[in-house]
Amino acid sequence: MLGTMQDVPLSLSQLLRYGASTHGASEVVTWTDAEPRRETFAQVGERAAQLANALRSLGITADQRVATFMWNNNEHLEAYLAIPAMGAVLHTLNIRLFPDQLIFVANHAEDEVIIVDGTLVPLLAKQLPELKTVRHVIVANGDAASLEAPDGVKVHSYEALLAAQPTSFDWPEIDENSAAAMCYTSGTTGDPKGVVYSHRSIWLHSMQVCMTDGMALSQADKALAIVPQFHAMSWGLPYAAFMVGASLVMPDRFLQPGPIAEILATEKPTFAAAVPTVWQGLLQHLEANPQDISHLREVVVGGSAVPPAMMHTFAEEHGVPVLHAWGMTETSPLGSVARAPQGTSGEQAWAYRYTQGRFPASVRARLIDDSGAELPWDGESVGELEVRGPWIASAYHVSSPAGEATGTVDPEKFHDGWLRTGDVGHITPDGFLTLTDRSKDVIKSGGEWISSVELENSVMAHPAVAEAAVIGIPDEKWDERPLVAVVLKEGEQVSAAELRDFLGDKVAKWQLPENWTFVDEVPKTSVGKFDKKRLRTANAEGELEITRLA
Ligand code: AMP
């Protein structure tokens, strides 16, 4: 027997129609070097219609890929909505990819149009001749004439293109399982892999972002989206905001601690999301330049493990609760969030909040050991995390000039319909995940495992330390031992021996690192995470000055 309910697709054309009408007065604010640009959701809807009409006129009639090479701003929001809602596929290009990777992903996705920010034109121009399928480049916030295009590529001004078009569009009803957007993983090994989100997956994920025990985004919020729109869809914030009418604040290219502090002071957002390294910089800035940020009802931090010390600084110095979240490009990205369960308080509640958190009802999780067996949720058994659910990838995109193939199921990443996350950890009986490492970052010392994340968090709890990254380095006796790369806060001095003493009551004695190096900065990946591969290479090539404690 089938249900008797209407079979209505969960499609982004409905999301756009709804947000632009019911929440037409909500705003997207874009930071600039002069006055911020302000646009209502009603205007976003009209400009999205103009963009869709313009793209039609350029020959985008079906599910061709339209790429963006942009900062977080109102034009990027317009593209986020218009492209999928007209039935095409949005491809967010990561502006920080190495040139070869950028060429690879644009060709692999077969991008036909690229919308680029004026400030990023020089970066794109160098690679443009290698992008085989691109026919049109649209320059937003800049001078289209500044781009010298290769043969066969037409250059347009975003504003001129929109101005020539009507402000309404007959948004089609779209099969909810069709492709809406794609994003390539920023993996540090091998070619990037394309994750293709469907209308349905984005819709359901947006609902989770808005659920009270998700990120609790609502029409009462003004959300500062620092996480880039080119990385894991800005954690779903643009779509979620349109779903509930939360206003958005977009920092554009002003991502340094000073401008972020200014945005906070001027716009007073109630909510913000970014990776730990961004907050680390902001907290240091606020130490020297105190400012009230208690208008933030909550700050979501994820993408890498959040050091507990950072959560305490936010809470105790600024009165702002941090919500620790875990996810991946392949999980749309919201996988789990750490809200302390009912009935807990004090230290017990903190201990829950340090974890990567609980999975929502839509996401199933399991831990798998080296032999492929499933491990219990006993808070101790450590294995690789696998997940399954309606907004979790089931395959990677296959480049298909013939238009047939849709995905490839790489056994390294997929296992019986589950996504292998490559993250290693344990889960408590009440469902709280603690990640101890990436499988490739775990340090194997004398047959035992040392969690690099736990060591990093412990070192970063020292008041003189700005950042600390830990890698395993070869050791004759123990196979591997930890090496700690430390960045000190400006003007601070502390020795390796003092740091090791500081860890004395925090980690097991055999885990205490003897290898330390002080660096100016921990190398970061294109999405702002510690790049341990580069750290390993620097060590292998003898570039690090290591202090070895007896
Ligand atoms: P990406 O696809 O670039 O967003 O990277 C996803 C990876 O980031 C995950 O597989 C984790 O290794 C890491 N990650 C994301 N959130 C967290 C977190 N809260 N704690 C630890 N690692 C995280």
Side-chain angles (χ1 to χ4, degrees), residues 92 94 96-97 101 105 181-190 192-197 205 214-215 226-237 273-280 299-308 310-311 322-339 352-359 363 365 367 382-387 391-393 396 412-414 418-427 432-442 451-457 460 469-470 524-533:
T92 54
N94 181 338
R96 303 211 175 92
L97 284 182
Q101 288 184 323
V105 300
M182 62 197 300
C183 186
Y184 280 73
T185 58
S186 52
T188 43
T189 51
K193 311 272 191 307
V195 177
V196 184
Y197 309 110
H205 179 265
M215 297 191 201
I226 304 176
V227 281
Q229 288 181 266
F230 59 72
H231 180 216
M233 311 306 284
S234 193
W235 297 355
L237 289 175
V275 294
T277 46
V278 167
W279 295 124
Q280 197 78 47
V299 157
V300 176
V301 192
S304 311
V306 182
M310 178 185 287
M311 297 176 74
V322 163
L323 177 65
H324 187 191
W326 168 85
M328 319 170 61
T329 304
E330 288 90 334
T331 66
S332 288
L334 193 56
S336 61
V337 298
R339 294 194 183 281
Y352 277 111
R353 294 181 51 207
Y354 298 154
T355 72
Q356 273 71 15
R358 268 173 163 165
F359 302 94
V363 178
L367 294 171
V382 172
E384 182 181 356
L385 173 69
E386 296 190 350
V387 290
W391 59 81
I392 311 293
Y396 290 123
E412 287 264 298
K413 290 296 291 185
F414 302 97
W418 293 67
L419 171 76
R420 299 181 60 181
T421 65
D423 288 327
V424 170
H426 49 78
I427 303 179
F432 279 83
L433 166 73
T434 295
L435 290 184
T436 49
D437 247 310
R438 292 288 293 163
S439 51
K440 60 184 190 316
D441 292 338
V442 178
S451 158
S452 65
V453 174
E454 201 180 313
L455 279 183
E456 285 162 6
N457 283 343
M460 284 193 272
V470 176
K524 307 274 173 11
T525 67
S526 64
V527 292
K529 304 184 189 194
F530 290 167
D531 191 341
K532 297 197 182 180
K533 198 175 147 217

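These numbers come from the heavy atoms of this one structure, side chains and all, not from hydrogens, waters or symmetry mates. Here the structure is a predicted model, which is why all the values come from computation and not from measurement. Counting convention: from 1, in listed order, for ligands and their atoms alike.
For the pair Gly303 and ligand 1, the shortest N or O to N or O distance falls below 3.5 Å.
Within the 4.0 Å heavy-atom criterion, the part of Asp423 lying near ligand 1 is the side chain and not the backbone. Here Met328 has heavy atoms under 4.0 Å from ligand 1 in both its backbone and its side chain. Contacts between Ser304 and ligand 1 below 4.0 angstrom, taking non-hydrogen atoms only, involve the backbone exclusively.
Under a 4.0 Å criterion applied to the non-hydrogen atoms of Ala325, ligand 1 contributes the atoms 16 (N), 18 (C), 19 (N). Within the listing of ligand 1, atoms 18 (C), 19 (N), 20 (N), 21 (C) sit less than 4.0 angstrom from a heavy atom of Gln356. Atoms of ligand 1 found under 4.0 Å from any heavy atom of Thr329 (numbered from 1 in listed order, with element): 1 (P), 2 (O), 3 (O), 4 (O). Of all atoms in ligand 1, numbered sequentially from 1 with element shown, those under 4.0 Å from a heavy atom of His231 are 1 (P), 3 (O), 4 (O). Ligand 1 places these atoms under 4.0 Å from at least one heavy atom of His324: 18 (C), 19 (N), 20 (N). The ligand atoms of ligand 1 that sit less than 4.0 angstrom from a heavy atom of Arg438 are 9 (C), 10 (O), 12 (O).
Using cut-offs of 30° and 60° on the angle between ring planes, the pair Tyr352 and Phe432 is tilted.
The heavy-atom pair separating Asp423 from Arg438 by the smallest distance is OD1-NH1, 2.7 Å.
Counted by atom type alone, Asn94 and Ser526 present one or more donor-acceptor pairs between their side chains at under 3.5 Å.
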- Test side chain to side chain contact (heavy atoms under 4.5 Å, CB included) applied to Phe530 and Thr277, step by step: CA-CA 9 Å; Phe530 290 167; Thr277 46; 4.1 Å; yes
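Between Thr185 and Val195 there is a side-chain heavy-atom pair separated by less than 4.5 Å. Between Leu419 and Phe414 there is a side-chain heavy-atom pair separated by less than 4.5 Å. Annotation: side chain of Leu435 is not in contact with side chain of Val453 (no heavy-atom distance under 4.5 Å).
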